[in-house]
Amino acid sequence: MSKRKHRFYRINKNKIITLAAFSSFAVGIIILVIGMAFYKYRISELGLVDSISHQEYRNHYVMISEQADEPFWEVIYQGALDKGKEEDAYIEKLGSGLSVSYSIENLMEIAIASKVDGIILEPNGEEAVTELINKADQEGIPVITVLKDEPLSRRKSFVGINRYNQGQAYGEQILEIVCEDKNHVIVLLNSDPKDTSKNILYAGIRDAVGDHNVFLEAVKINRQSAFGSEEDIRKIIMDTVNPPDVFVCLTAVDTLCAYQAVVDYNKVGEIEIIGYFDSELIVRAIEKEIIHSTMMIDAKQVGAYCVDALTEYREKLRVSNYFPVDINVINQKNIENYLKKYGSEEE
């Protein structure tokens, strides 16, 4: 091969190598851009949009609950998030949307190690959680308990409802339904022995129905598994010896399970439901007279009060011991007002 041809091939080879290197670099840049775009999308899906936009907040609070992904808690979180923006605080729902499930104890440890500015916590009655509340307080992190209290701990305040008054409200709704041949009332209680609030609530129901002709029965429901509540409610409905006339549901999940079971087994009109929460499905069921009534607390107000309590403590180093939340009843008397929230139903 001549020197000229050899030089020509060498130049072309160099060009090919350069072009290949440039192409690889360009492809790498494209992959990097797409990857970063996907990363931003994913974390925005996880609720960290503020981090991406570099929005800075004065305080960082976390919310911890075993029920954090339930619809009711989603509304509580939204209320806290909205109030946090007013108070220059970012609210993170710790442990939500993760592929790995963490216990409340683990999440509390993470929050303390992260040196957050405040913790909003639904305790589960475990002694270890009480100790972690005290540990957080020693580390200068105020803890606000919500819906369930831990009064013997060093929490700063409790945001929730008066369980006895809630029981009284349920009792009043029961008395609207029962009659001589329709008086078997089953109250669905949490089977968790650590949940002592259910005992106070049940006492309120029992005192409200008083000496009336009511056969009141408490049945413990397994809420430890995704389908535990559904299975237990269906078993009660299928009881042909002593079937229920009224279901009293204390959670949104139990209400929806009872509603579905009554529809599936053609028990509409035979079994009345007194529920909890004001989701669209529950409100529509009241409109159709499948559910008699439902108890509602302003979930957004709950979240906002939690942020108020943390802000008040951090600014004044003192806070009210108890933030009471209102209880409302939705039934046929006021259903039209609540239907406006969801608009008219399409035919």
Side-chain angles (χ1 to χ4, degrees), residues 36 39-98 102 104 106-123 129 132-150 153-161 297-326:
M36 289 187 68
Y39 172 74
K40 287 185 177 183
Y41 168 76
R42 285 296 300 149
I43 57 178
S44 68
E45 287 290 299
L46 293 174
L48 299 178
V49 178
D50 291 332
S51 298
I52 292 304
S53 61
H54 303 291
Q55 173 69 49
E56 293 185 1
Y57 291 93
R58 184 177 58 191
N59 292 313
H60 175 205
Y61 302 146
V62 297
M63 181 176 285
I64 300 173
S65 169
E66 289 178 329
Q67 315 299 324
D69 291 322
E70 286 191 3
F72 181 64
W73 268 92
E74 290 289 348
V75 182
I76 291 177
Y77 175 67
Q78 190 59 52
L81 199 64
D82 293 343
K83 188 64 177 180
K85 291 177 180 178
E86 296 177 14
E87 302 290 346
D88 198 16
Y90 179 69
I91 317 299
E92 178 184 1
K93 189 163 56 170
L94 199 62
S96 177
L98 299 178
Y102 291 93
I104 284 185
N106 293 149
L107 294 174
M108 283 291 290
E109 291 281 11
I110 292 170
I112 294 169
S114 300
K115 298 186 183 301
V116 297
D117 298 302
I119 299 173
I120 298 167
L121 171 70
E122 183 187 33
V129 172
L132 285 166
I133 293 173
N134 296 340
K135 180 180 178 181
D137 183 73
Q138 291 171 353
E139 296 287 333
I141 303 173
V143 178
I144 305 299
T145 53
V146 56
L147 298 184
K148 298 175 185 175
D149 196 13
E150 201 62 64
S153 71
R154 295 173 64 176
R155 58 92 170 134
K156 299 303 180 186
S157 184
F158 167 60
V159 176
I161 54 181
I297 66 174
D298 190 336
K300 280 196 172 183
Q301 183 188 63
V302 172
Y305 279 0
C306 290
V307 176
D308 281 340
L310 285 171
T311 301
E312 184 177 333
Y313 179 78
R314 289 186 60 81
E315 291 181 354
K316 302 177 182 178
L317 293 180
R318 57 181 175 80
V319 66
S320 301
N321 187 58
Y322 175 46
F323 283 72
V325 181
D326 298 331

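- Residues L94 and Y61 have side chains not in contact (no heavy-atom distance under 4.5 Å, counting atoms from C-beta outward).
- Considering all non-hydrogen atoms of both residues, A136 and V143 come closest at CB-CG2, 3.8 Å.
- Two residues are said to be in side-chain contact when any heavy atoms from C-beta on lie closer than 4.5 Å; Y90 and E56 fail this criterion.
- Side-chain contact between D326 and Q301 is present, with at least one heavy-atom pair separated by less than 4.5 Å.
- The side-chain heavy atoms of I133 and E150, taken from C-beta on, include a pair separated by under 4.5 Å.
- Here the side chains of T311 and D88 are not in contact, with every heavy-atom distance at 4.5 Å or above.
- Taking every heavy atom of both residues into account, P142 and R314 meet most closely at CG-CG, 4.4 Å.
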Using side chain to side chain contact (heavy atoms under 4.5 Å, CB included), reason through Y57 and E87 one step at a time and then give a plain yes or no. CA-CA 9 Å; Y57 291 93; E87 302 290 346; over 6 Å; no
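- Contact between G118 and L310 at its shortest, heavy atoms only, is CA-CD2, 4.0 Å.
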Go through it in stages, so that I can follow the logic: the residues are R58 and E315, the test is salt bridge (charged side-chain N to carboxylate O under 4.0 Å, His left out), and I'd like the CA-CA distance, side-chain angles, deciding distance and then a yes or no. CA-CA 12 Å; R58 184 177 58 191; E315 291 181 354; 3.8 Å; yes
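- If you run side-chain contact (heavy atoms from CB on, under 4.5 Å) between K156 and each of I144, I141, I119, L317, only I144 comes through.
- Closest heavy-atom contact between N59 and D117: CA-OD2, 3.2 Å.
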Does the side chain to side chain contact (heavy atoms under 4.5 Å, CB included) test come out yes or no for W73 and L147, once each step is laid out? CA-CA 11 Å; W73 268 92; L147 298 184; 3.9 Å; yes
Using the rule given for salt bridge (charged side-chain N to carboxylate O under 4.0 Å, His left out), can you reason through D137 versus R155, listing the C-alpha separation, both sets of side-chain angles and the distance that settles it, and then say yes or no? CA-CA 7 Å; D137 183 73; R155 58 92 170 134; over 6 Å; no
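- The shortest distance between side-chain heavy atoms of D82 and E86 does not fall below 4.5 Å.
- Ring orientation note: the planes of F323 and Y305 are tilted relative to one another, at an angle of 30° to 60°.
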Side chain to side chain contact (heavy atoms under 4.5 Å, CB included) assessment of M108 paired with K135: CA-CA 10 Å; M108 283 291 290; K135 180 180 178 181; over 6 Å; no
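- Taken to the nearest 0.5 Å, the CG atom of L132 stands 11.0 Å off from the CD atom of E139.
- The minimum heavy-atom distance between A111 and I64, with the atom names listed, is CB-CD1, 4.4 Å.
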Show the numbers, then the answer: is there a side chain to side chain contact (heavy atoms under 4.5 Å, CB included) between L121 and V129? CA-CA 10 Å; L121 171 70; V129 172; 3.9 Å; yes
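- No side-chain donor-acceptor contact under 3.5 Å links Q138 and N134.
- Side-chain atoms of Y77 come within 3.5 Å of backbone atoms of I91 as a donor-acceptor pair (strictly under, hydrogens ignored).
- Atom OG of residue S157 and atom CD of residue E312 lie 8.0 Å apart, to the nearest 0.5 angstrom.
- Inter-residue side-chain proximity for F158 and K148 is flagged as unmet; no heavy-atom pair is nearer than 4.5 Å.
- Considering every non-hydrogen atom in both M63 and A80, the closest pair reads CE-CB, 3.7 Å.
- Between V325 and V159, some side-chain heavy-atom pair lies under the 4.5 Å cut-off.
- In this structure, the side chain of S320 does not engage the main chain of Y322 through any donor-acceptor pair within 3.5 Å.
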